[in-house]
Amino acid sequence: MAAFGDYSSHEETEVNGWIRFGMRLGVSAALHPFEYSKTLIQIGYEPIAARPGKSMLGKPIMLLPNIFQYAGHIKKIDGFYGCYRGLAPKLAGSVLSMVVSERVAEKLGLAYREDKDESELTEEENYVQFKYNLKRDIVLTVSGIVVSHPFHVISLRMMAQFVGRETLYNSILGSVAEIWNNEGILGFFSGLIPKLLCDVACLVLSSSSVFIVNKYLIKDKVARQYNAGFTQFAFSSLLYPLQVVSTCSSISGSRLMAGQPPIMPKYSSWVDCWNDLQTRRELKRGSSLFWRSQAVISSSVPTSFAPLPTLSRYQ
């Protein structure tokens, strides 16, 4: 009977996990137009001209459209369904990531364990539980990112087609053929290293910081929840430039206008991309989605295509 009870408990936990995962997918799908807009901002595409305005200190600045205005522009050009370009490979990658990462963790002896309350554990047992959860989370993160990254690249390139109005990435199978024929297998993993560095570093730093702060400073459970959210947000903001580098690296070198000069240099590596964006002070593109300003307006490159992004310094 005990074995049956354990099996039922495990089955219930797995079902609840899939329900939560389904809800996350639903939220991700609903917010996709804003993710779409953020991707275009990260690669430096600004189709709406900046307008004169003032900062909070009264200093004259050029204001760029916020994330809602940007999404509205995409809807105006491509319609409602056009706002969901790139959603299918994104969802496919998420499902594949969920399934494969859990299997990898189980194979490595890091199956899911329900956490025990800290009050029931000794200091050493609490540390052992933290180490186990951290190792499991690292395995889940790394395996999930690696296996889903080809779908992530396809999704980004589908969205980047908005810049040049191409149709090279209209379906998942067509996108696979396009990348394979022109870039080989490495094309599916463009921008992988900075994405791994960003997500793994954020996980390790935030988890370790929360554990240490909770152990020595914070005892209240509600305060601990706030601390976990704030800490994750802080490290995510600190590592945000790696997200921009990953996005640009995933598109650079493709046959899309958005990934070719003069709009985007052809980077030899993600380090080259980092150095270029750092030189132009554009590592924070898209970090502010509601209040965006243009510090310096650079001259546009003459071209017969329209519209082209204005490659400027964004705040």
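- No donor-acceptor distance shorter than 3.5 angstrom exists from the side chain of T247 to the backbone of I43, with no hydrogens or angles considered.
- Separation of atoms CE (M98) and CG (L140) is listed at 9.0 Å; rounding is to 0.5 Å.
- Taking 4.5 Å as the limit, some side-chain heavy atom of R103 sits within range of a side-chain heavy atom of E106.
- Minimum heavy-atom separation, C83 to A71: SG-O, 4.2 Å.
- Put simply, CD on Q243 and OG on S246 are 8.5 Å apart, with the number rounded to the nearest 0.5 Å.
- Hydrophobic clustering (side-chain heavy atoms under 4.5 Å, transitive across Ile, Leu, Val, Met, Phe, Trp, Tyr) groups V245 together with Y240.
- Proximity of W274 to P194: side-chain heavy atoms (C-beta onward) are nowhere separated by under 4.5 Å.
- Residue L31 is grouped with residue L40 when hydrophobic side chains (ILVMFWY) are merged at heavy-atom distances under 4.5 angstrom, including chains of intermediate members.
- Cation-pi contact between R224 and Y226: absent, since separation from the ring centre below 6.0 Å together with deviation from the ring axis within 45° is not met.
- The cluster map of Ile, Leu, Val, Met, Phe, Trp and Tyr, joined by side-chain heavy atoms under 4.5 Å apart, puts F230 and L203 in different clusters.
- The shortest side-chain heavy-atom distance between R292 and I41 falls under the 4.5 Å cut-off.
- In this structure, the side chain of Q161 does not engage the main chain of L256 through any donor-acceptor pair within 3.5 Å.
- Closest approach of P261 to P265, counting heavy atoms only: CG-CA, 4.3 Å.
- With a 6.0 Å cutoff to the six-membered ring centre and a 45° limit on the axis angle, R113 counts as a cation-pi contact of Y132.
- Counting non-hydrogen atoms of neighbouring residues, nucleotides and ligands closer than 6.0 angstrom, the CG atom of L217 exceeds 12 such neighbours.
- Heavy atoms only, all atoms of each residue included: A30 and Y84 are closest at O-OH, 4.0 Å.
- From I48, atom CD1 reaches atom CG of N66 across 9.0 Å, with rounding to the nearest 0.5 Å.
- Across all non-hydrogen atoms, the minimal contact from V153 to G187 is CG1-O, 3.9 Å.
- Classified by interplanar angle (parallel below 30°, tilted 30° to 60°, perpendicular above 60°), the ring pair H32/Y36 is tilted.
- A donor-acceptor pair is defined here as one N or O able to donate and one able to accept, closer than 3.5 Å; no such pair exists between the side chain of S208 and the backbone of L205.
- Looking at Q129, its side chain does come within 3.5 Å of a backbone N or O of K116 through a donor-acceptor pair.
- One N or O on the side chain of N182 and one on the backbone of E178 form a donor-acceptor pair closer than 3.5 Å.
- At distances below 3.5 Å, not a single donor-acceptor pair connects side-chain atoms of T231 with backbone N or O atoms of V210.
- Listed for the S97 side chain is no donor-acceptor partner under 3.5 Å among the backbone atoms of G93.
- Counting only heavy atoms from C-beta outward, the side chains of K75 and P33 never approach each other to under 4.5 Å.
- Looking only at distances, no side-chain donor or acceptor of D78 sits under 3.5 Å from a matching main-chain atom of I74.
- Considering only heavy atoms from C-beta on, S250 stays 4.5 Å or farther from R157 through its side chain.
- Between the side chain of S28 and the main chain of R24, no donor-acceptor pair closer than 3.5 Å is present.
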Open item on the list: Show, in sequence, the C-alpha distance, side-chain angles and deciding distance for D272 and K266, and conclude whether the salt bridge (Lys or Arg N to Asp or Glu O under 4.0 Å) test is met.
Closed with: CA-CA 9 Å; D272 184 26; K266 192 169 183 179; over 6 Å; no
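- Under the 4.5 Å side-chain contact rule for hydrophobic residues, V104 and F151 share a cluster.
- In terms of heavy atoms, M62 sits closest to A50 at CE-O, 3.4 Å.
- From M257, atom CE reaches atom CZ of F162 across 12.5 Å, with rounding to the nearest 0.5 Å.
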Open item on the list: Quick one, K215 with E123, criterion side-chain contact (heavy atoms from CB on, under 4.5 Å). Give me CA distance, side-chain angles, the key distance, then yes/no.
Closed with: CA-CA 9 Å; K215 181 179 179 181; E123 187 171 319; 3.2 Å; yes
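- Pairing each heavy atom of L168 with each of R255, the nearest pair is CD2-NH2, 3.4 Å.
- Taking CD1 of I251 as the reference point, atom CD1 of I263 lies at 11.0 Å (rounded to 0.5 Å).
- Rounded to the nearest 0.5 Å, atoms OG (S249) and CG (L277) are 8.0 Å apart.
- Side chains of F68 and F34 form a contact here, defined as non-hydrogen atoms less than 4.5 Å apart.
- Between H152 and H149, the ring planes are tilted. Angles from 30° to 60° get that label.
- Under the 4.5 Å side-chain criterion, counting only non-hydrogen atoms from C-beta, L134 is not in contact with F211.
- S209 places a side-chain heavy atom less than 4.5 Å from the side chain of F235.
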